[in-house]
Amino acid sequence: MPELPEVEIVRRGLEPVLAGQTFVRVELKRPDLRFPLPKGFARRLVGQRVMSLGRRAKYLLARLSGGDVLIMHLGMTGRFTVAHPLPTHRITSVADTNRSARGGGVRAGEFAYEAGADQKHDHVVFRMSNGAVITYNDPRRFGFMLLVPEPRLEAHPLFKGLGAEPLGNELTGAYLALRAAGRRSDIKTFLMDQRIVAGLGNIYVCEALFRAGLSPGRKASSLAGKGGTATERAGRLVHAIRAVLGDAIAAGGSTLRDYRRADGSLGEFQHSFSVYSRAGMPCLRRGCRGIVRRAIHGARSTFFCPVCQR
DNA sequence: CGCATCCCCTGCCTGC
DNA sequence: TGCAGGCAGGGGATGC
């Protein structure tokens, strides 16, 4: 679920409680995530201080005082929840599911559940030196955590082949044109490939293609043609990618089912989808009479307006 | 290398 | 009410 905007929002939520703090205790309730947690995971974390919390593509990167980087990926359903030691600061993602505990209704600032009280699918719990309790919950367990020595991060198989960071300077029309040359896949699959643009997922690729007016079934190589039209298309696409990611971040990400910010609140960008999950509904572009269609590209659902997107 | 297919896992929704 | 089937924000492994 989490694509770049969601991961970035989680990063911003965790940073204030993680950065500068030391791991006091690490509990592994269920170490078999997408990959098994590394041997000695908890022991290697305890005592280390988090120097910074960054993001690359859809990965969260906690740089640790001991020289390792803690890599965290949320998969499809991963969620971090922060609970603070002070009742008035307690924040949780499950306030709406646990109201009966207090006789109905949880008011702002109240406890919604005890820190450490097991929720289903809680897998990892970090207890930090500031008292913060950070719980990783992931029903499908497609997420994972790794520890890699910082000098080896860039060469790590997960990172070595990553493409341009979409909000960075590397992503330009010229870059897309270069990478698209000779590709026979469709443009939707091309953009989903993390080796090309790192951090886009199904939602934002659909939305970006809509904003750029490009059909998802169009050949990726049509971004690389020699004429001015290909260059213009690639530039328009880069602009659309940046705009949709920026809008999504500003809205706190998109909540379909599982995604929550670290403070438990929902994202809001799902209310601004133009095409994603809107099959059969009218295109929202003013004056367009198209009906949003669903198609399959690279085994994933694609949503698009056949009138606007060519 | 590029590309397609299948798989990992749980939960939710739909239709019968 | 139950049950089968399809689908879901990600990405790795395999085979051609």
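Between A:Arg11 and A:Glu8 a salt bridge is recorded (basic side-chain N to carboxylate O distance below 4.0 Å). With respect to A:Arg127 and A:Glu27, a salt bridge is recorded, a charged nitrogen being found less than 4.0 Å from a carboxylate O. Under 4.0 Å is where a charged nitrogen must lie from a carboxylate oxygen, and between A:Lys160 and A:Glu154 no such pair does.
Rounding to whole angstrom units, CE of residue A:Met76 and P of C:dG12 are separated by 14 Å. Rounding to whole angstrom units, NE2 of residue A:His297 and C1' of C:dG11 are separated by 19 Å. The distance between atom CZ of A:Phe142 and atom P of C:dG12, rounded to the nearest whole Å, is 12 Å. In this entry the distance linking CG of A:Leu33 with C1' of C:dG11 reads 15 Å, nearest Å. With rounding to whole Å, A:Glu6 atom CD is found 16 Å from C:dA8 atom P. Atoms CG (A:Asn202) and P (C:dA8) sit 8 Å apart, rounded to a whole Å. Here the C1' atom of nucleotide C:dC7 and the CG atom of A:Asp258 are 13 Å apart, to the nearest Å. Rounded to an integer number of Å, the gap from A:Phe35 CZ to C:dG10 C1' is 10 Å.
The phosphate of C:dG11 has OP1 or OP2 within less than 4.0 Å of a side-chain N or O from A:Gln194.
A 4.0 Å heavy-atom criterion places the boundary nucleotides of DNA chain B facing chain A at B:dG2 to B:dG11, written 5' to 3'.
A:Arg34 comes within 4.0 angstrom of a nucleotide base, judged by non-hydrogen atoms across all strands. Across all strands, A:Thr189 comes closer than 4.0 Å to no nucleic acid atom at all (heavy-atom distances). Residue contacts for A:Phe144: at a heavy-atom cut-off of 4.0 Å it reaches no nucleic acid atom on any strand shown. A:Leu158 comes within 4.0 angstrom of sugar-phosphate atoms only, judged by non-hydrogen atoms across all strands, and of no base. Within the nucleic acid shown, A:Phe190 has no heavy atom closer than 4.0 Å to any nucleic acid atom.
A donor-acceptor contact under 3.5 Å is not formed by the side chain of A:Arg300 with the base of C:dA8.
A:His156 NE2: more than 12 foreign heavy atoms inside a 6.0 Å radius.
Judged as a salt bridge (charged side-chain N to carboxylate O under 4.0 Å, His left out), and not counting sequence neighbours, the contacts of A:Arg30 are A:Asp32.
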| Pairing pattern in dot-bracket form [Watson-Crick, G-U; both distances under 3.5 Å; | = partner strand] for DNA chain C | .|||||||.|||||||
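Nearest heavy atom pair, residue A:Met145 against residue A:Leu70, reads CB-CD1, 4.3 Å.
Summary of the strand contacts: A:Gly182 and A:Arg140 both lie near DNA chain B, and taking for each the nucleotide with the nearest heavy atom, the more 5' one is attributed to A:Gly182.
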N/O donor-acceptor pairs under 3.5 Å from side chains in residues 283-298 of chain A, not counting sequence neighbours:
{"from": "A:Arg294", "atom 1": "NE", "to": "A:Ser301", "atom 2": "OG", "distance (Å)": "2.8"}
{"from": "A:Arg294", "atom 1": "NH2", "to": "A:Ser301", "atom 2": "OG", "distance (Å)": "2.9"}

With a 3.5 Å cut-off and sequence neighbours excluded, list the donor-acceptor pairs that the side chains of residues 207-222 of chain A form with protein atoms.
{"from": "A:Glu207", "atom 1": "OE1", "to": "A:Ser274", "atom 2": "N", "distance (Å)": "2.8"}
{"from": "A:Glu207", "atom 1": "OE2", "to": "A:Ser274", "atom 2": "N", "distance (Å)": "3.2"}
{"from": "A:Glu207", "atom 1": "OE2", "to": "A:Val275", "atom 2": "N", "distance (Å)": "3.0"}
{"from": "A:Glu207", "atom 1": "OE2", "to": "A:Tyr276", "atom 2": "N", "distance (Å)": "2.8"}
{"from": "A:Arg211", "atom 1": "NH1", "to": "A:Asp247", "atom 2": "OD2", "distance (Å)": "2.8"}
{"from": "A:Arg211", "atom 1": "NH2", "to": "A:Asp247", "atom 2": "OD2", "distance (Å)": "3.1"}
{"from": "A:Ser215", "atom 1": "OG", "to": "A:Gly217", "atom 2": "N", "distance (Å)": "3.4"}
{"from": "A:Arg218", "atom 1": "NE", "to": "A:Arg310", "atom 2": "O", "distance (Å)": "3.2"}
{"from": "A:Arg218", "atom 1": "NH1", "to": "A:Ser222", "atom 2": "OG", "distance (Å)": "3.0"}
{"from": "A:Arg218", "atom 1": "NH2", "to": "A:Arg310", "atom 2": "O", "distance (Å)": "3.2"}
{"from": "A:Lys219", "atom 1": "NZ", "to": "A:Arg184", "atom 2": "O", "distance (Å)": "3.2"}
{"from": "A:Ser222", "atom 1": "OG", "to": "A:Lys219", "atom 2": "O", "distance (Å)": "2.7"}

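When each of A:Val133, A:Leu45, A:Val46, A:Val50 is paired with A:Phe126, the side chain to side chain contact (heavy atoms under 4.5 Å, CB included) condition holds for A:Leu45 and for no other.
In this structure, the side chain of A:Gln48 engages the main chain of A:Arg44 through a donor-acceptor pair within 3.5 Å. Looking only at distances, a side-chain donor or acceptor of A:Arg179 sits under 3.5 Å from a matching main-chain atom of A:Arg195. Judged by distance alone, the side chain of A:Gln21 and the main-chain N or O of A:Arg49 form no donor-acceptor pair under 3.5 Å.
Residues from residues 208-220 of chain A with heavy atoms under 4.0 angstrom of DNA chain C: there are none.
Here the separation of C:dT14 from B:dC9, taken at their P atoms, is 16 Å to the nearest Å.
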